[in-house]
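In what follows, a structure is listed as structure tokens, so that the remarks can point back to it.
Every heavy atom of this structure was used, including side-chain atoms; hydrogens, water molecules and symmetry mates were not.
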Amino acid sequence: MGVVKTSIGSQLIPRALWCAGGLDATLSGMNISFLGNWRKRRGPASGEALMGAQEEDPQGVAQLLSECELLRARASAAGIGLDDSTASLEALDQMAPRWRDDPDELPWLGNDAGLYLGTVIVRTVPGAVWQVWPNGRPIVRLASGREVDVVEAGHQWAADGAPELCQRYAEVAEA
């Protein structure tokens, strides 16, 4: 799998790999306050770091999960602005799926699509929050207690186009 990088501040860091496993490389080099204390106690970052960070700094984790840099770049190139709205999900559903021709990009874009879907849900559905499983995989927990694996939904969308992101959002918003 190719390496996708994102910049935070002046540093380049590896992009989140919930789809390909491993937060160790992902979170190293990021200037996120909760990681420094965690590393002092436990060593390299893992899913536990993100899970614990959720309790200490939920807004910081939400910001990290909302980056979706590859998806934002592809959407921008297609003339689509991602403003964390349901309308932007509909626009993404209409985007030509050129990433399907690149087996290295497909899981990255699917991951980002899932994180973006989760970001829209958390920002627009009352009571929805990010939750991190012990393995480091982010999901969205609804006020009802239902958990939605948005990363899996993003992978399905990137691979098949179905269910559409706006359809998945509608199903979640109804609950």
Side-chain angles (χ1 to χ4, degrees), residues 1-6 13-23 25-27 47 50-51 54 58 61-175:
M1 177 174 294
V3 175
V4 177
K5 297 201 175 201
T6 182
I13 56 159
R15 181 75 180 111
L17 288 176
W18 290 281
C19 60
L23 288 172
T26 303
L27 298 177
L50 189 58
M51 197 169 100
Q54 171 192 338
V61 171
Q63 181 182 354
L64 175 68
L65 297 175
S66 71
E67 282 185 9
C68 314
E69 192 168 313
L70 178 61
L71 180 68
R72 290 181 189 277
R74 295 296 175 265
S76 178
I80 299 170
L82 299 184
D83 59 0
D84 302 341
S85 69
T86 56
S88 65
L89 293 174
E90 293 172 11
L92 284 173
D93 287 334
Q94 301 305 312
M95 192 165 67
R98 293 185 178 96
W99 59 84
R100 291 187 191 141
D101 297 333
D102 184 349
D104 289 338
E105 186 172 313
L106 182 68
W108 293 93
L109 194 90
N111 188 68
D112 275 9
L115 295 176
Y116 185 71
L117 172 63
T119 296
V120 174
I121 293 169
V122 167
R123 292 186 178 167
T124 61
V125 175
V129 295
W130 283 108
Q131 182 74 38
V132 181
W133 286 342
N135 67 358
R137 189 172 183 111
I139 55 108
V140 172
R141 181 182 302 268
L142 303 176
S144 66
R146 177 178 163 211
E147 294 180 342
V148 180
D149 188 345
V150 291
V151 173
E152 179 60 31
H155 284 281
Q156 289 174 345
W157 174 82
D160 305 326
E164 292 182 329
L165 296 174
C166 65
Q167 178 186 358
R168 185 68 178 178
Y169 173 86
E171 292 167 2
V172 169
E174 285 178 10

With [X], which residues qualify under salt bridge (charged side-chain N to carboxylate O under 4.0 Å, His left out), at least two apart?
X	answer
E171	R168
D149	R137
R141	E147

Find the distance between [atom1] ([X]) and [atom2] ([Y]) and round it off to the nearest 0.5 Å.
X	Y	atom1	atom2	value
Q94	C166	CD	SG	7.5 Å
L89	Q167	CG	CD	12.0 Å
L109	R100	CG	CZ	9.5 Å
T119	W130	OG1	CH2	4.5 Å

All side-chain hydrogen bond (donor to acceptor under 3.5 Å, both in side chains) counterparts of [X], not counting sequence neighbours:
X	value
Q156	none
E164	none
T124	Y169
D160	none

Sequence neighbours excluded - ring-ring contact (aromatic ring centres under 6.0 Å, His included) pairs with any residue from [range]:
range	value
residues 74-101	W99-W157
residues 63-83	none
residues 62-85	none

Exercise. Do L117 and V140 come within less than 4.5 Å of each other through their side chains, counting heavy atoms only?
Worked result: no

Where do [X] and [Y] come nearest, in terms of heavy atoms and distance?
X	Y	answer
D83	Y116	N-OH, 3.5 Å
A158	G110	CB-CA, 3.5 Å
L82	R72	O-NH1, 3.2 Å
D112	C68	OD2-C, 3.2 Å
D101	P103	O-CD, 3.6 Å
P126	A143	O-CB, 4.1 Å

Exercise. With sequence neighbours excluded, what pairs up with R146 under the side chain to side chain contact (heavy atoms under 4.5 Å, CB included) test?
Worked result: L142, S144, V148, V172, A175

Exercise. What pairs with A78 under side chain to side chain contact (heavy atoms under 4.5 Å, CB included), at least two apart in sequence or on another chain?
Worked result: I80, M95

Problem set entry | From I121, L165, V122, residue fulfilling side-chain contact (heavy atoms from CB on, under 4.5 Å) relative to V150 | I121

